[in-house]
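Only a predicted model underlies this, so the values are computations on that prediction, with no experimental measurement involved.
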Amino acid sequence: MPDNGWPADRIDTENAHSARIYDYILGGKDYYPADKEAGDAMAREWPALPVHMRANRDWMNRAVRWLAEEAGMRQFLDIGTGIPTSPNLHEIAQSVAPGSRVVYVDNDPIVLTLSQGLLASAPEGRTAYVEADFRDPAAILDAPELRETLDLSRPVALTVIAIVHFMLDADDAVGVVRRLLEPLPSGSYLAMSIGTAEFAPEEVGRVAREYAARNMPMRLRTLDEAHEFFTGLELAEPGIVQVHKWHPDGNGEQGIRDEDIAMYGAVARKP
């Protein structure tokens with residue numbers, strides 16, 4: 001174990017990792033030189049990358065608040081949690097309803113070791129962490145930590161934020177999301193942000209090549225392909241839009257150009 005408590009034998013510090021690149025770009029501290037090198041290279045190819053990543057994070061905050069305030073959700077299942085960045089999902093949900101329950105899921109050993117920060121729930125609510133791969137819905141849904149925290153007979157908000165662009169066609173991202181939604185009852189919600197190259201194809205394409213060069217190939221999707229995730233669901237207004245256009249609250253969306261954002265965002269209800 002190094003001084004920071006991370007299991008050194010499980011963490012690859014020589015190669016960049018998507019969660020750590022994201023943390024570096026957002027101004028975090030949980031990254032290694034390889035992640036900084038990758039983030040700097042990507043930002044050179046597309047200087048709007050920090051704007052894009054911050055807009056995605058801000059969208060997550062707004063979507064969770066909307067789910068708690070407007071949709072009355074009190075249970076959340078967050079897939080691909082990433083390195084904790086305050087405010088975390090449970091902090092937002094519990095600021096609206098202190099009794100909210102949240103289960104975080106990730107398979108990154110750094111996230112696992114930092115997960116204590118994710119478990120600091122309001123006393124009225126509860127949070128839990130499941131170490132599992134997004135591509136294995138059964139392992140997630142059958143995890144004791146999930147079953148002990150969430151009541152699957154009551155609506156659950158499934159949040160899948162900025163992860164499916166790392167799932168290739170062979171991973172069947174749409175099928176995985178549907179299998180996660182299947183056991184959730186009517187009145188549950190799906191909130192997703194989905195990577196796209198439709199607004200800055202050359203610049204985002206260059207960023208994707210930087211990821212691929214570091215063994216992180218990407219599958220960016222069109223608007224039509226994004227709609228496939230929401231088949232059979234009732235999209236909340238304004239539907240599937242770039243994340244900075246989804247319920248803007250005036251806290252940072254001003255001046256953001258469409259070509260600076262490579263992520264669609266949407267929230268939908270399971271009938």
Side-chain angles (χ1 to χ4, degrees), residues 1-61 78-91 104-120 127 129-136 140 159-168 171 173 192-195 203-220 243 261-263:
M1 283 280 209
D3 291 341
N4 56 19
W6 297 343
D9 60 334
R10 295 187 58 197
I11 297 177
D12 179 0
T13 63
E14 299 300 318
N15 295 296
H17 186 282
S18 58
R20 301 196 307 253
I21 295 170
Y22 188 68
D23 183 71
Y24 167 66
I25 293 292
L26 289 181
K29 58 182 177 57
D30 299 306
Y31 60 85
Y32 291 95
D35 309 303
K36 180 180 185 301
E37 181 277 328
D40 290 343
M42 293 167 187
R44 285 194 297 271
E45 295 293 349
W46 189 35
L49 183 63
V51 175
H52 156 79
M53 288 188 170
R54 172 53 60 188
N56 176 74
R57 185 74 192 184
D58 291 344
W59 173 83
M60 187 276 285
N61 295 348
D78 184 53
I79 307 295
T81 296
I83 292 171
T85 301
S86 187
N88 292 303
L89 189 153
H90 74 277
E91 293 172 318
Y104 292 105
V105 180
D106 209 298
N107 68 342
D108 184 327
I110 284 184
V111 179
L112 172 64
T113 57
L114 295 175
S115 65
Q116 286 305 311
L118 296 172
L119 303 181
T127 64
Y129 180 86
V130 174
E131 184 179 17
D133 193 312
F134 175 40
R135 293 166 294 188
D136 188 357
I140 296 170
T159 57
V160 184
I161 312 299
I163 183 174
V164 295
H165 53 274
F166 291 114
M167 297 183 70
L168 304 183
D171 296 319
M192 290 187 69
S193 61
I194 301 165
E203 295 87 342
V204 176
R206 291 197 297 268
V207 172
R209 286 193 288 274
E210 291 288 343
Y211 272 104
R214 295 165 176 82
N215 296 314
M216 292 177 282
M218 303 180 80
R219 172 66 164 87
L220 299 165
V243 289
I261 302 298
M263 199 79 75

>> Between L89 and Y104, does the side-chain contact (heavy atoms from CB on, under 4.5 Å) criterion hold? Intermediate values first, please.
In response: CA-CA 9 Å; L89 189 153; Y104 292 105; 3.7 Å; yes
> Given the rule in the side-chain contact (heavy atoms from CB on, under 4.5 Å) test, do E45 and E203 qualify, once you have shown the distances and angles that lead to the verdict?
Replying inline: CA-CA 6 Å; E45 295 293 349; E203 295 87 342; over 6 Å; no
> Stepwise, does the side-chain contact (heavy atoms from CB on, under 4.5 Å) test hold for V105 with Y129?
Replying inline: CA-CA 6 Å; V105 180; Y129 180 86; over 6 Å; no
> Should Y31 and H17 be marked as a side-chain hydrogen bond (donor to acceptor under 3.5 Å, both in side chains) after you check the CA-CA gap, both sets of side-chain angles, and the distance that decides it?
Replying inline: CA-CA 9 Å; Y31 60 85; H17 186 282; over 6 Å; no
> Going through the checks in order, is the side-chain contact (heavy atoms from CB on, under 4.5 Å) test met by R20 and D30?
Replying inline: CA-CA 6 Å; R20 301 196 307 253; D30 299 306; over 6 Å; no
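In this structure, the side chains of I21 and M42 come closer than 4.5 Å at one or more pairs of heavy atoms. Taking 4.5 Å as the limit, every side-chain heavy atom of I79 sits out of range of all side-chain heavy atoms of T159. Residues F134 and N107 fail the side-chain proximity criterion, which asks for heavy atoms closer than 4.5 Å.
Relative orientation of the W46 and H52 rings is tilted, given thresholds of 30° and 60° on the angle between their planes.
Looking only at distances, a side-chain donor or acceptor of D133 sits under 3.5 Å from a matching main-chain atom of R135.
Listed here is the closest heavy atom pair of A55 and I261: CB-CD1, 3.5 Å. The two residues A162 and M263 make their nearest non-hydrogen contact at CB-CE, 3.8 Å. Scanning all heavy atoms of the two residues, the minimum distance from N15 to D35 falls at O-OD1, 4.2 Å. The heavy-atom pair separating S193 from I161 by the smallest distance is OG-CG2, 3.4 Å. Closest approach of H165 to G195, counting heavy atoms only: ND1-N, 3.9 Å. The two residues G80 and I163 come nearest to each other via the heavy atoms CA-CD1, 3.8 Å.
A salt bridge does not link D40 with R44: every distance from a Lys NZ or Arg NE/NH1/NH2 to an Asp or Glu carboxylate oxygen is 4.0 Å or more. Ion pairing between a basic and an acidic side chain is recognised when a charged N comes within 4.0 Å of a carboxylate O; E37 and R214 show such pairing.
Separating the OH atom in Y24 from the CE atom in M53 is a distance of 11.5 Å, to the nearest 0.5 Å.
Under the 6.0 Å cut-off for aromatic ring centres, Y211 and F166 qualify, their centroids lying closer than that.
Donor-acceptor pairing under 3.5 Å is recorded for the side chains of Y22 and N56.
Crowding of R219 atom CZ: a count of heavy atoms from other residues, nucleotides or ligands under 6.0 Å exceeding 12.
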